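Input: a single structure, listed below in structure tokens.
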Amino acid sequence: MKPTHILPPLLAALALTLAGAGGAYGSGDTVRPDFAHPLPDIPGKSLVAVEVDYAPGGASLPHHHARSAFIYAYVVSGRIVSQVAGQPERIYAAGESWHELPGAHHVVSRNASDTEPARLLAVFIVDTDDKNLTTLDEQKSRDE
């Protein structure tokens with residue numbers, strides 16, 4: 001494969017990561033891109049990873065994920081309270097993981113501790129042209 005053929009998908013994946021995964025989504029959380037890479041065997045799909053750091057007592061606001069995004073979440077450190085609509089709230093400790101289906105409504109995502117930080121790794125399999133990995137509920141209601 002010529003380098004010129006791989007450049008557009010790489011740029012698209014980078015734009016996807018920067019547009020939809022940077023910044024903060026609540027009080028006491030920080031989201032930062034880790035990597036993005038088009039999947040060579042699945043045209044139009046990319047693998048994108050972000051790290052979410054929660055300060056003690058920190059939380060993300062309720063949000064939806066991209067309709068194309070299958071998500072694997074892994075607790076790197078600390079304990080995370082998570083709930084997707086229609087499922088019970090659960091506490092995950094370091095080393096535990098869960099998945100979220102495309103279009104999931106993430107109603108609870110927060111640090112379980114008021115004294116220790118926590119870190120989550122979220123890996124998305126997503127359409128390369130999806131521009132926002134996460135849309136806050138308040139943004140969604142404004143856009144509708």
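All of these numbers come straight from a predicted model, not from anything done at the bench.
Considering only heavy atoms from C-beta on, L101 comes within 4.5 Å of F70 through its side chain. When side chains are defined from C-beta on, L121 counts as touching V76, because their heavy atoms get closer than 4.5 Å. The closest side-chain heavy-atom distance from S113 to R79 is not below 4.5 Å. Contact of the S97 side chain with the Y92 side chain is not registered, since no non-hydrogen atoms from C-beta on lie closer than 4.5 Å. Looking at V50 and F124, their side chains come closer than 4.5 Å, going by heavy atoms from C-beta outward.
Y74 OH to W98 CH2: the interatomic distance, rounded to the nearest 0.5 Å, is 11.5 Å. Note that OG of S82 is 8.5 Å distant from CD of Q87, once rounded to the nearest 0.5 Å. Rounded to the nearest 0.5 Å, atoms CG (D34) and CD (E51) are 4.5 Å apart. Taking CD1 from I125 and OG from S68, the interatomic distance works out to 10.5 Å, rounded to the nearest 0.5 Å.
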The test is side chain to side chain contact (heavy atoms under 4.5 Å, CB included); show your working for Y54 and I80 and say whether it passes. CA-CA 9 Å; Y54 289 101; I80 305 284; 3.5 Å; yes
Steps toward salt bridge (charged side-chain N to carboxylate O under 4.0 Å, His left out) verdict (R67, D127): CA-CA 9 Å; R67 291 194 186 276; D127 287 349; over 6 Å; no
Can you list the steps and then say if T30 with V52 is a side chain to side chain contact (heavy atoms under 4.5 Å, CB included)? CA-CA 6 Å; T30 303; V52 183; over 6 Å; no
Check step by step if side-chain hydrogen bond (donor to acceptor under 3.5 Å, both in side chains) holds for D29 and S60. CA-CA 6 Å; D29 75 335; S60 297; 2.8 Å; yes
Decide yes or no on side-chain hydrogen bond (donor to acceptor under 3.5 Å, both in side chains) for H37 and S46, but give the supporting numbers first. CA-CA 5 Å; H37 188 73; S46 289; over 6 Å; no
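Using cut-offs of 30° and 60° on the angle between ring planes, the pair H65 and H63 is perpendicular.
Looking at H64 and T134, their side chains never bring a donor and an acceptor atom within 3.5 Å of each other.
Cluster partners of V107 are V81, I91, V108, counting Ile, Leu, Val, Met, Phe, Trp and Tyr whose side-chain heavy atoms approach within less than 4.5 Å, directly or via other members.
Sorted by first and then second residue, the salt bridge (charged side-chain N to carboxylate O under 4.0 Å, His left out) pairs involving residues 81-94 (not counting sequence neighbours) are E89-R110, R90-E96.
Between P38 and P40, the shortest heavy-atom distance links the atoms O-CD, 3.3 Å. Listed here is the closest heavy atom pair of P117 and P56: N-CG, 4.0 Å.
Looking at residues two or more places apart in sequence or on another chain, you find a side-chain hydrogen bond (donor to acceptor under 3.5 Å, both in side chains) between H105 and D137.
At least one donor-acceptor pair under 3.5 Å links the side chain of N111 to the backbone N or O of A55.
A continuous path of Ile, Leu, Val, Met, Phe, Trp and Tyr side chains, each step under 4.5 Å between heavy atoms, connects V75 with V31, placing both in one hydrophobic cluster.
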